[in-house]
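To start, the structure itself, in structure tokens.
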Amino acid sequence: MDFKGKKVVITGASRGIGLGLAKAFLANGADIAICATSPDTLAKAKETLKALNLPGKIYTQKVDVSSASECEDFINNIIKEYGQIDVLINNAAVTKDTLLIRMSEQDWDKVLSINLKGAFLMSKAALKYMMKARSGNIVNMTSVVGQMGNGGQANYSASKAGIIGLTKSLAREFASRNIRINAVAPGFVKTEMTAALKEETQKEILENIPLKRFAEITDIASAVMFLASDDAGYITGQTISVNGGLYI
Ligand SMILES: NC(=O)c1ccc[n+]([C@@H]2O[C@H](COP(=O)([O-])OP(=O)(O)OC[C@H]3O[C@@H](n4cnc5c(N)ncnc54)[C@H](O)[C@@H]3O)[C@@H](O)[C@H]2O)c1
């Protein structure tokens, strides 16, 4: 897919799927802007990306997506640096898993404010410029557990179900401005997030995946890039599931 000259913003790109997306967009000609909360891992990610020796520019900034002022500052700096934003990928997220009875109000608020409010805040900041340009594209990362629920993940599942509602509403609101907004719902992907699951739990999950494997990060990147590309020009408000058949 050709993203030559396109300016692509990816939140939470210091590792995992976000870093994989950063690699994929760079490899397809884009200039990228990435953020994460830890300056150290962000600096490491930048080194990893630079080592690919691809021509695209790499802008990095430490940002907490749950802060409106930090989102606005990040987007304003990208506009100063690149002059435009073509694609925004709202990827940053955290988990704070536990059974509801043990779930603290703080754990609920933290997950909702990063995963759902973060996507709202970053979209709002970027859409201001996309509206002026009458062009733009947002891809939100949701999850299979936002579609089917998961015991022990009430906060995370609610945040990811919320992302689907946000995606549908923004798609309706901004279609007349030539801005498309879609979501990708991964199943279980080989990342640090899933590596943290107990071996027993990983086995149980695999038994329920018809394709009998966890997704590679590249499986997710392919769907994100498709939605962000002109090939998906007539698709908006949709959620593409990339889950090996776990939820059909
Ligand atoms: N890994 C999976 O199996 C899986 C499955 C379904 C959906 N997803 C979704 O895909 C996305 C990426 O998942 P991952 O496994 O790569 O996660 P990860 O934990 O490996 O990486 C998350 C990234 O988000 C950043 N981040 C966390 N809090 C932040 C904040 N407040 N502000 C800015 N950045 C912040 C982290 O620094 C990191 O770069 C998430 O939206 C996740 O919900 C992952």
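Throughout, numbering of the chain's residues begins at 1 and tracks the sequence. In each ligand, atom 1 is the first atom listed, and ligand 1 is the first ligand listed.
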- [ ] Report yes or no: does Tyr156 have a heavy atom closer than 4.0 Å to ligand 1?
- [x] yes

Open item on the list: To check your reading of the model: name the closest protein heavy atom to atom 24 (O) of ligand 1, its residue, and the distance in Å.
Closed with: Gly12 CA, 3.3 Å

Open item on the list: Does Lys46, at its NZ atom, have more than 12 non-hydrogen atoms belonging to other residues, nucleotides or ligands within less than 6.0 Å?
Closed with: yes

- [ ] Answer side chain, backbone, both or neither: which part of Val65 comes under 4.0 Å from ligand 1, heavy atoms only.
- [x] both

- [ ] Just need the protein heavy atom nearest to atom 16 (O) of ligand 1, so name the residue and atom and give the distance.
- [x] Ile17 N, 2.8 Å

Task: Side chain to side chain, Leu116 and Ile163, heavy atoms closer than 4.5 Å - done: yes

Open item on the list: Could you tell me, atom by atom, which parts of ligand 1 come under 4.0 Å of a heavy atom of Val63?
Closed with: 32 (N), 33 (C)

Task: Non-hydrogen atom of Lys160 closer than 4.0 Å to ligand 1 - done: yes

TODO: Just let me know how Thr191 lines up against ligand 1, side chain, backbone, both or neither, with a heavy-atom cut-off below 4.0 Å.
DONE: side chain

Open item on the list: Checking the N or O distance criterion of under 3.5 Å, is ligand 1 in contact with Val189?
Closed with: yes

Open item on the list: Using modelled atom types and a 3.5 Å cut-off, is there a donor and acceptor pairing between side-chain atoms of Arg180 and backbone atoms of Ile235?
Closed with: yes

Open item on the list: Looking at ligand 1, would Thr142 count as a contact under a 4.0 Å heavy-atom criterion?
Closed with: yes

TODO: Report the part of Thr11 (side chain from C-beta onward, or backbone N, CA, C, O) that has a heavy atom under 4.0 Å from ligand 1; answer both or neither where that applies.
DONE: neither

Open item on the list: Using heavy-atom distances only, which candidate in Gly187, Ala196, Ser143 approaches atom 5 (C) of ligand 1 most closely?
Closed with: Gly187

Task: Heavy-atom side-chain proximity of Val224 to Phe25 below 4.5 angstrom - done: yes

Task: Single hit among Ile75, Ile179, Leu170, Thr167 for side chain to side chain contact (heavy atoms under 4.5 Å, CB included) with Ser123 - done: Leu170

Open item on the list: Quick check: do Glu81 and Asp31 have side-chain heavy atoms less than 4.5 Å from each other?
Closed with: no

Task: Closest protein heavy atom to atom 39 (O) of ligand 1, given as residue, atom name and distance to 0.1 Å - done: Ser14 OG, 2.7 Å

- [ ] Look only at the side chain of Arg177 and the backbone of Leu127, and say whether a donor-acceptor pair between them is shorter than 3.5 Å.
- [x] no

Task: For ligand 1, the portion of Asn91 having any non-hydrogen atom under 4.0 Å away - done: both

Task: Heavy-atom nearest neighbour in the protein, as seen from atom 30 (C) of ligand 1, with distance rounded to 0.1 Å - done: Thr37 CG2, 3.4 Å

- [ ] Determine whether any heavy atom of Ser38 lies closer than 4.0 Å to an atom of ligand 1.
- [x] no

Open item on the list: Contact between Val65 and Leu121 at the side-chain level, heavy atoms closer than 4.5 Å - yes or no?
Closed with: no

